[in-house]
Amino acid sequence: MRLIDYFPASSISIRPSAGSWQQAIDFSMEPLLKHRCINETYIQSIKYSTINNGPYYILAPGVAMPHARPECGALKTGLSLTLLNTPVEFGHANEPVSLLIGLSAADSTSHIDAIQALSELLCEEENLSELLSAKSEQQLADILARA
């Protein structure tokens, strides 16, 4: 499976901004909820865990991968990508985040290939800056399709 195949239809979006980190999580999880990859409990688990443990899912400056444990409401494996034109703060010590990659993993192994492909893509500084400066959802999809 290619990286782009983990993204259900309409799961790649660009938003002007989020009013809070909670709303950024909602934007990121909305397509996964719509495609029944997760349930509402999954989203609440991410928010609860963020409040209690901090944003453990920030991967790199400007990039976060919000997720929770499979038993918290993941129904099937899927990814979403949300680019915020105005970055959102996740707390005082954290970088503001522009790119959110929502992850739903139905079990502890089904998402490993997707994470590996995503890691390879994000390791390339050029790919990361292309994602962060994309102007359209199609541009974002094209970058993901190259991985």
Task: Set of salt bridge (charged side-chain N to carboxylate O under 4.0 Å, His left out) partners for E130, sequence neighbours left out - done: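 Once residues adjacent in sequence are excluded, the partners of E130 under the salt bridge (charged side-chain N to carboxylate O under 4.0 Å, His left out) criterion are R146.
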Say whether [X] and [Y] are linked into one hydrophobic cluster, either directly or through other cluster members, by side-chain heavy-atom distances under 4.5 angstrom.
X   : Y    : result
I46 : I51  : yes
I38 : I101 : no
I58 : L122 : no

Let me confirm one number: the [atom1]-[atom2] distance from [X] to [Y], rounded to the nearest 0.5 Å.
X   : Y    : atom1 : atom2 : result
L3  : S119 : CG    : OG    : 9.5 Å
I25 : I43  : CD1   : CD1   : 9.5 Å
T82 : E137 : OG1   : CD    : 9.5 Å

[X] side chain to [Y] backbone, donor-acceptor under 3.5 Å:
X    : Y    : result
S80  : S11  : no
S129 : E126 : yes
S45  : T41  : yes

TODO: May I ask you to check whether D142 and Q138 show a side-chain donor-acceptor distance below 3.5 Å?
DONE: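 Yes.
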Distance-minimising heavy-atom pair for [X] and [Y]:
X    : Y   : result
L131 : L83 : O-CD2, 3.5 Å
E89  : W21 : O-CB, 3.6 Å
A9   : H35 : O-NE2, 2.7 Å
S98  : P87 : OG-CG, 3.3 Å
K135 : I14 : C-CD1, 3.6 Å
L99  : V97 : O-CG1, 3.5 Å

- [ ] Please test I12 against I4 for side-chain contact (heavy atoms from CB on, under 4.5 Å), starting from the C-alpha separation and ending with a verdict.
- [x] CA-CA 10 Å; I12 298 170; I4 193 71; 4.1 Å; yes
Task: Sub-4.5 Å side-chain heavy-atom contact between M65 and I115 - done: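 With C-beta onward as the side chain, the pair touches.
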Task: Side-chain heavy atoms of Y6 within contact of L144, under 4.5 Å - done: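 Y6 vs L144: side chains apart.
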Task: ring-ring contact (aromatic ring centres under 6.0 Å, His included) pairs, two or more places apart, involving residues 38-71 - done: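 For residues 38-71, and leaving out neighbouring residues, the ring-ring contact (aromatic ring centres under 6.0 Å, His included) pairs sorted by first residue read Y56-H67, Y57-F90.
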